[in-house]
Amino acid sequence: MSSQPPRRHSEEFPENYGDFQLISSDGVVFSISRFLLSYVSPVFKDVLELGEESLSGAAEIQLTESSVTLDQLLRFFDPLKDPAPIDTKTMGPLLESARKYQMEGVFKYWEDQMVYRNVVKEIILVSSPLACFALASHFGRHEMARAALRELLRAPSRELQEPISTMVGGEVMYRLLQLRQARLHKMRDRIAQVQRSIQSGTKCGNAHVDVVHSLLELTLQLMDEPSWSTFRRNINAWSECRGTVSGRHIHNHGGLLDQGTCILSPANLFNIWKPEIVEEELKLPELSSGL
């Protein structure tokens with residue numbers, strides 16, 4: 001038989017802090033109120049009622065959760081304690097225990113801490129999007145998963161390279177990379193339209209070379225971060241290109257029509273692309289059918 005770890009009392013939930021004890025897998029004893037446990041968890045309510053009937057009012061339960069998880073879990077509901085700060089490294093076990101004991105309040109608190117909502121309560125920003133996407137997908141929190149996916153589609157590539165939970169399956173990651181590649185393809189198509197217009201239009205000397213160089217640099221940056229923010233950061237790198245033309249020549253730069261001159265300025269080109277790009281970024285992407 002395997003020996004049980006030596007017991008010690010929790011500093012936050014010490015002996016006699018409550019009339020019931022929860023024992024963690026690593027031997028830490030948490031004293032808590034029976035009434036509070038019954039109130040916040042239907043599972044504990046049933047267990048405590050069963051204990052009173054068949055276990056002569058046993059005053060403790062051995063659990064499989066670690067002391068770190070139990071400490072975080074109980075802090076959510078004890079009115080005398082502050083919830084533990086959100087930690088992506090420990091949120092997986094915490095949410096797993098919340099699901100196990102049917103503590104919906106833990107999920108709601110996690111979601112509120114991970115997002116910023118606008119005045120109509122729409123989720124518009126998710127912090128730690130990869131971890132959030134992994135956890136929300138695993139626990140079936142589809143609105144959160146879609147909001148996190150939206151952030152990942154426009155995030156710098158380093159956001160996709162952080163260590164992630166094994167909860168993220170291959171299908172989930174494939175969906176993310178598939179949508180991100182599709183968005184990059186659309187942005188590169190816009191840039192290619194401008195490049196073709198420059199190559200076939202009136203020559204404007206070295207200015208055209210500078211514009212083409214800026215477009216190539218922008219393309220490389222978009223491969224790392226396919227977002228409107230990348231376009232906006234490049235505004236200062238763009239310059240006007242005005243050439244002398246004979247007669248009345250019409251240039252079409254990705255939808256920008258300019259008669260007699262060739263103008264590639266932020267005020268023109270960016271304003272043409274911005275509404276469509278921003279609108280697409282704000283849409284909540286659909287999850288794959290398996291999520």
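It should be emphasised that the depicted structure is a prediction, and the values quoted were computed from it without experimental measurement.
Looking only at distances, no side-chain donor or acceptor of Q21 sits under 3.5 Å from a matching main-chain atom of I32.
By the 4.5 Å heavy-atom criterion applied to side chains, V28 and D71 are not counted as neighbours.
With sequence neighbours excluded, the residues satisfying ring-ring contact (aromatic ring centres under 6.0 Å, His included) with F44 are Y101. By the ring-ring contact (aromatic ring centres under 6.0 Å, His included) test, Y39 pairs with no residue at all, sequence neighbours left out. Partners of Y17 according to the ring-ring contact (aromatic ring centres under 6.0 Å, His included) rule, which considers only residues two or more places apart in sequence or in another chain, are F13.
I23 shares a hydrophobic cluster with V29; the chain of contacts runs through ILVMFWY side chains whose heavy atoms sit under 4.5 Å apart.
Atom CG of L37 is separated from atom CD1 of I61 by 8.0 Å, given to the nearest 0.5 angstrom. Distance check, rounded to the nearest 0.5 Å: NZ of K100 to CG of L63 gives 6.5 Å. Between the CG atom of L36 and the CG atom of D78 there is a distance of 6.5 Å, given to the nearest 0.5 Å. How far CZ of R141 is from SG of C132: 11.0 Å, rounded to the nearest 0.5 Å. Note that CD of E225 and CE of M187 are 9.5 Å apart. Values are rounded to the nearest 0.5 Å. In this structure, the separation between CG on L74 and OG on S33 is 11.0 Å, given to the nearest 0.5 Å.
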Distance-only donor-acceptor hits, side chain of residues 82-95, under 3.5 Å, sequence neighbours excluded:
| from | atom 1 | to | atom 2 | distance (Å) |
| --- | --- | --- | --- | --- |
| D87 | OD1 | K89 | N | 2.9 |
| T90 | OG1 | Q72 | NE2 | 3.0 |
| T90 | OG1 | D87 | O | 3.4 |

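Applying the salt bridge (charged side-chain N to carboxylate O under 4.0 Å, His left out) definition to pairs two or more places apart or across chains, those involving residues 11-33 are E12-R75, E12-K81.
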